[in-house]
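I'd like to ask you about the structure that follows.
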Amino acid sequence: IYYCLFNVYLMTFLHYIGLFALMCFCFLLSMCFVMVCRWEEERYTDGVKWKFLEHKGPVFAPAYEPLPSNIKFYYDGKPMKLSLGAEEVGTFFAKMLDHEYTTKDIFRKNFFKDWRKEMTAEEKAKITDLNKCDFGDMHEYFKAQSEARKALSKEEKQKNKEENERILQEYGFCVMDNHKERIANFRIEPPGLFRGRGDHPKMGMLKRRIRPEDIIINCSKDSQHPKPPPGTKWKEVRHDNKVTWLVSWTENIQGAIKYIMLNPSSRIKGEKDWQKYETARRLKKCVDRLRAQYRDDWKSKEMRIRQRAVALYFIDKLALRAGNEKEEGETADTVGCCSLRVEHITLHPEKDGKEYVVEFDFLGKDSIRYYNKVPVEKRVFKNLQLFMENKQPEDDLFDRLNTTILNKHLQELMDGLTAKVFRTYNASITLQQQLKELTSHNVPAKILSYNRANRAVAILCNHQRAPPKTFEKSMQNLQSKIDAKKEQLSDAKRELKSAKADAKVRRDEKSKKAVECKKKAVQRVEEQLMKLEVQATDREENKQIALGTSKLNYLDPRISVAWCKKWGIPVEKIYNKTQREKFAWAIDMADEDFEF
DNA sequence: CTAGGAACTTAGTAGTTCTAGG
DNA sequence: CCTAGAACTACTAAGTTCCTAG
């Protein structure tokens, strides 16, 4: 637009002085500019992510509110007034008292150590044993507070909602290259006690409060820079358009950098997502060649190549993650493919009537257990025996391999190929295949089978969840509904029978009609019963499986969109509002015969 | 080749909001 | 209208990948 305007001005000017030929030349020249610009707006070259970026900075966690004076902390049975800093950290613990975290030794030890750092000298001298600390009063106070919050009047709740909306409108958006975009996490993480997943050596440590002085702002030079809160300063304001983040800070538990970035609905995230699936589709074109290659490599003279080939086979067949090395003692002990240890697999020359079975049992990302018994090719089995020879259980299974080596190899096989592409590829292709096999005819049944297909992918990727707390109860409720429906059905059937008998005797129109009516009633109840039973199996099968992760991160949305278009199913049945925003690009571009 | 940093994607859970059905 | 439970959102931890320096 800018260049078009420029062009018009220029042409007017030139026309004025009558240099027609030059004008034509300039017109062509500026057309070129316009085209270059448009092209550049679509895809920047050499790592440039944006040309203009303006935002309001982060929203900080609310300041600490001291406890009212009647709420007391007791040490060794006696009330004790804590200094502000010590009190705040104490409340973090008090709030978690219901959680079983607080009973764990490591958690308590880490917490106490960090808590003492916040104490005054006197407090430090006095408070020497966590077991003598009584947070009961404080705990009750916070429980009452959250109850009170729930019990607020409608008007007050509405007021809170409006205030939140105001903050969202002010801080939740930025301008990136002529577009107003939603920011994903514009609130700074509040202080609290660190809760890792699984057996985390740092659980209970104090996650400290982030101040403006910790914050790096990233925006364009020519934008309105965000202002730090009065009386404070940012750590730094930089203008790096080779990255996508707006705000960053360093977190104190692992020393990792945290970022504020854009929402998945943004151009910058959407394009990246699209690219990811395009890479996976390129893998589809050459996967046969790659598979032939790694099967061949199982026979290699070189151990490192055999290990690489077996690992790749696992990644491809079982959708395992790459498995980077991790620093011991810094995080929970979890592994992926390349970091598997001897203790994580058991070899069974024969098991459950199958030959060459490998039993996997390890903790993966988020300490989610991966357990699987897989029959493998004889060559793979023999290779594994070889890799395990003369090793201790805690030794690396693939001692000549790591993710860097593996990814370097993959890069040579296909441009942009890395280990994680296999997960994306196998997830998406599985969905597509499963959807093709579907036969059901009505819409609800189709959606149910869509969920089945989604579930197949979730199982492949080992996306698990804790069974919902209310699962047993809600299952029981459903079961009693089913029982009631069955009862109703037999009643309806009985009534139908007697109506039939009646009709046989009477042989008049009225009784015939009654039979028809009862027949319909039976049918209706049967349908309802079926629906409930389907719901029950669906729920049961979903007990420990999380569908969301694969839907959001692994399944090319164009497959689902195409399927919806093909069968006349509204996209809303598959994707909720947020998901539709994230996948807007796919909903826009996929037609019914899209092929992954 | 190693180590560490940086940037970005993927992940499950807790809390909140919505909705169906009693 | 009320409530149980489903659905959705926010949060933030935990991965992968790429890059650089020694």
Side-chain angles (χ1 to χ4, degrees), chain A residues 47 49 61 96 99 146 149-150 157 160-161 164 168 172 184-190 192 194-198 200 202-203 207 216 218 240 242-245 248 250-251 253-264 268-269 272-273 275-276 315 320-327 330-332 334-339 363-368 402-408 410-411 416-424 427 458 461-466 468-471 473-475 477-478 481 535 538-539 542 544-554 575-579 581:
Chain A
K49 304 286 169 56
M96 295 178 76
H99 209 291
S146 87
R149 223 171 308 123
K150 268 185 231 157
K157 275 186 180 164
N160 286 342
K161 214 173 162 184
N164 267 331
L168 172 69
N185 54 325
F186 56 89
R187 284 170 206 275
I188 299 283
E189 297 172 17
F194 176 78
R195 314 142 81 134
R197 316 248 169 101
H200 199 115
K202 298 195 172 179
M203 62 168 79
K207 196 167 107 166
I216 303 175
N218 193 33
D240 181 357
K242 302 264 172 90
V243 297
T244 67
W245 54 267
S248 77
T250 302
E251 152 266 358
I253 304 286
Q254 323 268 2
I257 307 170
K258 299 253 181 169
Y259 303 94
I260 291 182
M261 291 182 188
L262 297 194
N263 198 66
I268 209 152
K269 294 287 183 189
K272 200 75 192 297
D273 209 33
Q275 252 178 42
K276 174 181 75 184
I315 285 173
L320 299 189
R321 296 188 185 81
N324 288 302
E325 294 107 303
K326 316 205 298 175
E327 218 174 324
E330 293 293 299
T331 58
T334 62
V335 297
C337 186
C338 293
S339 49
L363 297 181
K365 180 176 179 182
D366 294 311
S367 293
I368 298 291
N402 61 40
T403 53
T404 312
I405 298 171
L406 180 65
N407 280 336
K408 205 162 268 165
L410 292 174
Q411 189 59 242
L417 186 62
T418 61
K420 82 198 257 293
V421 179
F422 281 89
R423 252 166 102 81
T424 312
C461 295
N462 199 39
H463 291 141
Q464 296 190 30
R465 61 166 184 176
K469 282 190 192 72
T470 53
F471 186 85
K473 214 179 86 200
S474 82
M475 215 56 200
N477 288 349
L478 193 56
K481 264 192 200 168
Q535 200 186 344
D538 202 40
R539 203 185 291 176
N542 246 4
Q544 302 202 66
I545 297 169
L547 300 186
T549 306
S550 48
K551 203 177 195 176
L552 237 44
N553 301 302
Y554 288 103
Y575 292 136
N576 69 31
K577 186 163 156 285
T578 321
Q579 293 163 341
E581 279 165 12

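All values below come from the heavy atoms of this structure, side chains included, with hydrogens, waters and symmetry mates left out. We name chains A, B, ... by the order of the sequence lines, and we start the count at 1 in each one.
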*Of the nucleotides C/dT9, B/dG12, C/dG15, which one has an atom closest to the side chain of A/Asn576?*
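Nucleotide nearest to A/Asn576's side chain: C/dT9.
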
*According to a strict under-4.0 Å criterion, is A/Lys420 in side-chain N/O contact with OP1 or OP2 of C/dG15?*
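Answer is no, no contact under 4.0 Å.
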
_Residue-phosphate contact under 4.0 Å: A/Arg423 side-chain N/O, B/dA11 OP1/OP2_ = yes

*When the nearest nucleotide of DNA chain B is assigned to A/Arg149 and to A/Asn462 on a heavy-atom basis, which residue is associated with the more 5' position?*
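Comparing both residues, the 5'-ward one is A/Asn462.
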
*In whole Å, what is the span from the NZ atom of A/Lys551 to the P atom of C/dT9?*
12 Å

*Does the side chain of A/Thr331 reach to within under 4.5 Å of the side chain of A/Gln254, using non-hydrogen atoms?*
yes

_Any side-chain heavy-atom pair of A/Arg465 and A/Asn542 under 4.5 Å_ = yes

_Protein-nucleotide distance (A/Leu320, atom CG; B/dT10, atom C1'), rounded to Å_ =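 It is 16 Å, rounded to the nearest whole Å.
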
*For A/Asn402 and C/dT16, give me the distance from atom CG to atom P, rounded to whole Å.*
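These atoms are roughly 12 Å apart.
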
*asked:* Measuring to OP1 and OP2 of C/dG15, would you say a side-chain N or O of A/Thr334 lies under 4.0 angstrom away?
replied: yes

_Nucleotide nearest A/Asn407 when distance is taken to its side chain, options B/dA11, C/dG15, C/dT17_ = C/dT17

*May I ask you to verify if any side-chain N or O of A/Asn324 is less than 4.0 angstrom from the OP1 or OP2 atom of C/dG15?*
no

*Given side chains that start at C-beta, do those of A/Ile405 and A/Lys408 come closer than 4.5 Å, heavy atoms only?*
no

*asked:* If the cut-off is 4.0 Å, is A/Lys365 near the phosphate of B/dT10, judged by side-chain N/O to OP1 or OP2?
replied: no

*From the options C/dT9, B/dC18, B/dA11, select the nucleotide whose nearest atom is closest to the side chain of A/Thr578.*
C/dT9

*CG of A/Leu363 versus P of B/dG12: gap in Å, rounded?*
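Taking CG of A/Leu363 and P of B/dG12, I get 13 Å after rounding.
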
*How is A/Ala419 classified with respect to the nucleic acid when contacts are heavy atoms under 4.0 Å: base, sugar-phosphate, or nothing?*
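Sugar-phosphate: the residue A/Ala419, judged by heavy atoms under 4.0 Å, touches backbone atoms but no base.
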
_Candidate nucleotides B/dG12, C/dA13, B/dT13, ranked by approach to the side chain of A/Ala466 - the nearest_ = B/dT13

*With nearest nucleotides of DNA chain B determined for A/Lys161 and A/Thr549 from heavy-atom distances, which residue corresponds to the more 5′ nucleotide?*
A/Thr549

*Figure out the CD1/C1' separation between A/Ile253 and C/dT12, and round it to whole Å.*
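Whole-Å distance recorded here is 12 Å.
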
*Is the shortest heavy-atom distance from the side chain of A/Leu168 to the side chain of A/Phe186 under 4.5 Å?*
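Yes - at least one pair of side-chain heavy atoms lies under 4.5 Å apart.
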
_Among residues at least two apart in sequence or on other chains, which ones pass ring pair (Phe, Tyr, Trp, His ring centres under 6.0 Å) with A/Phe422?_
none

_Candidate nucleotides B/dG12, C/dC8, B/dT10, ranked by approach to the side chain of A/Ala546 - the nearest_ = B/dG12

_Heavy atoms only, 4.0 Å cut-off, all strands: where does A/Gly336 land among base, sugar-phosphate and nothing?_
nothing

*Any side-chain heavy-atom pair of A/Leu406 and A/Cys338 under 4.5 Å*: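 Yes, side chains in contact.
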
*Considering only C/dT16, B/dG12, B/dC18, which nucleotide approaches the side chain of A/Arg321 most closely?*
C/dT16

*Is A/Lys577 touching bases, backbone alone, or none of the nucleic acid, heavy atoms closer than 4.0 Å?*
nothing

*Roughly, in whole Å, what's the span from NE2 in A/His463 to C1' in C/dA14?*
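After rounding, the reported distance stands at 13 Å.
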
*asked:* So if I take every side-chain heavy atom of A/Glu189 and compare against C/dG15, C/dT9, C/dA13, which nucleotide ends up nearest?
replied: C/dA13

*Does A/Lys258 place a side-chain N or O at less than 4.0 Å from the phosphate oxygens OP1/OP2 of C/dC11?*
no

*Just to confirm, is there a sub-4.0 Å distance from OP1 or OP2 of C/dA13 to any side-chain nitrogen or oxygen of A/His200?*
no

*Is there a donor in the side chain of A/Thr244 and an acceptor in the side chain of A/Lys269, or the other way round, less than 3.5 Å apart?*
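Checked: A/Thr244/A/Lys269 side chains show no N/O donor-acceptor pair below 3.5 Å.
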
Pick out the pairs of N or O atoms, protein on one side and nucleotides 4-8 of chain B on the other, that lie under 3.5 Å.
| unit_1 | atom_1 | unit_2 | atom_2 | d |
| --- | --- | --- | --- | --- |
| B/dA7 | OP1 | A/Trp245 | NE1 | 3.4 |
| B/dA7 | OP2 | A/Trp245 | NE1 | 3.4 |
| B/dA7 | OP2 | A/Tyr259 | OH | 2.9 |
| B/dC8 | OP1 | A/Lys49 | NZ | 3.0 |
| B/dC8 | OP2 | A/Thr244 | N | 3.1 |
| B/dC8 | OP2 | A/Thr244 | OG1 | 2.9 |

*Nearest to side-chain heavy atoms of A/Arg197, which nucleotide of C/dG15, B/dC18, C/dT12*: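 Of all the options, the side chain of A/Arg197 is nearest to C/dT12.
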
*How are the rings of A/Phe194 and A/His200 set relative to one another: parallel (under 30°), tilted (30 to 60°) or perpendicular (over 60°)?*
perpendicular

_Main-chain N/O of A/Ala419 paired with A/Asn407 side-chain donor or acceptor, under 3.5 Å_ = yes

_Applying a 4.0 Å non-hydrogen cut-off, can you work out what A/Pro190 is touching in the nucleic acid: base, sugar-phosphate, or nothing?_
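It contacts sugar-phosphate atoms only.
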
*Are A/Thr418 and C/dT17 close enough that a side-chain N or O sits under 4.0 Å from OP1 or OP2?*
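True: A/Thr418 side-chain N/O within range (under 4.0 Å) of C/dT17 OP1/OP2.
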
*Rounded to the nearest angstrom, tell me the gap between atom NZ in A/Lys157 and atom P in B/dG15.*
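From A/Lys157 NZ to B/dG15 P: 16 Å.
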
*asked:* Side-chain N or O of A/Lys207 versus OP1/OP2 of C/dA13: is the shortest distance under 4.0 Å?
replied: yes

*B/dT9 OP1/OP2 closer than 4.0 Å to side-chain N/O of A/Tyr554*: no

*Where each residue is assigned the nucleotide of DNA chain C containing its nearest heavy atom, which of A/Gly196 and A/Thr404 is assigned the position nearer the 5′ end?*
A/Gly196

*Nearest-Å distance for atom pair CD/P, residues A/Glu330 and C/dA13*: 15 Å

*Name the nucleic acid region contacted by A/Gly364, choosing base, sugar-phosphate or nothing; use a 4.0 angstrom heavy-atom cut-off, strictly under.*
sugar-phosphate

*A/Ile368: what forms a side chain to side chain contact (heavy atoms under 4.5 Å, CB included) with it, not counting sequence neighbours?*
A/Asp366, A/Asn462, A/Gln464

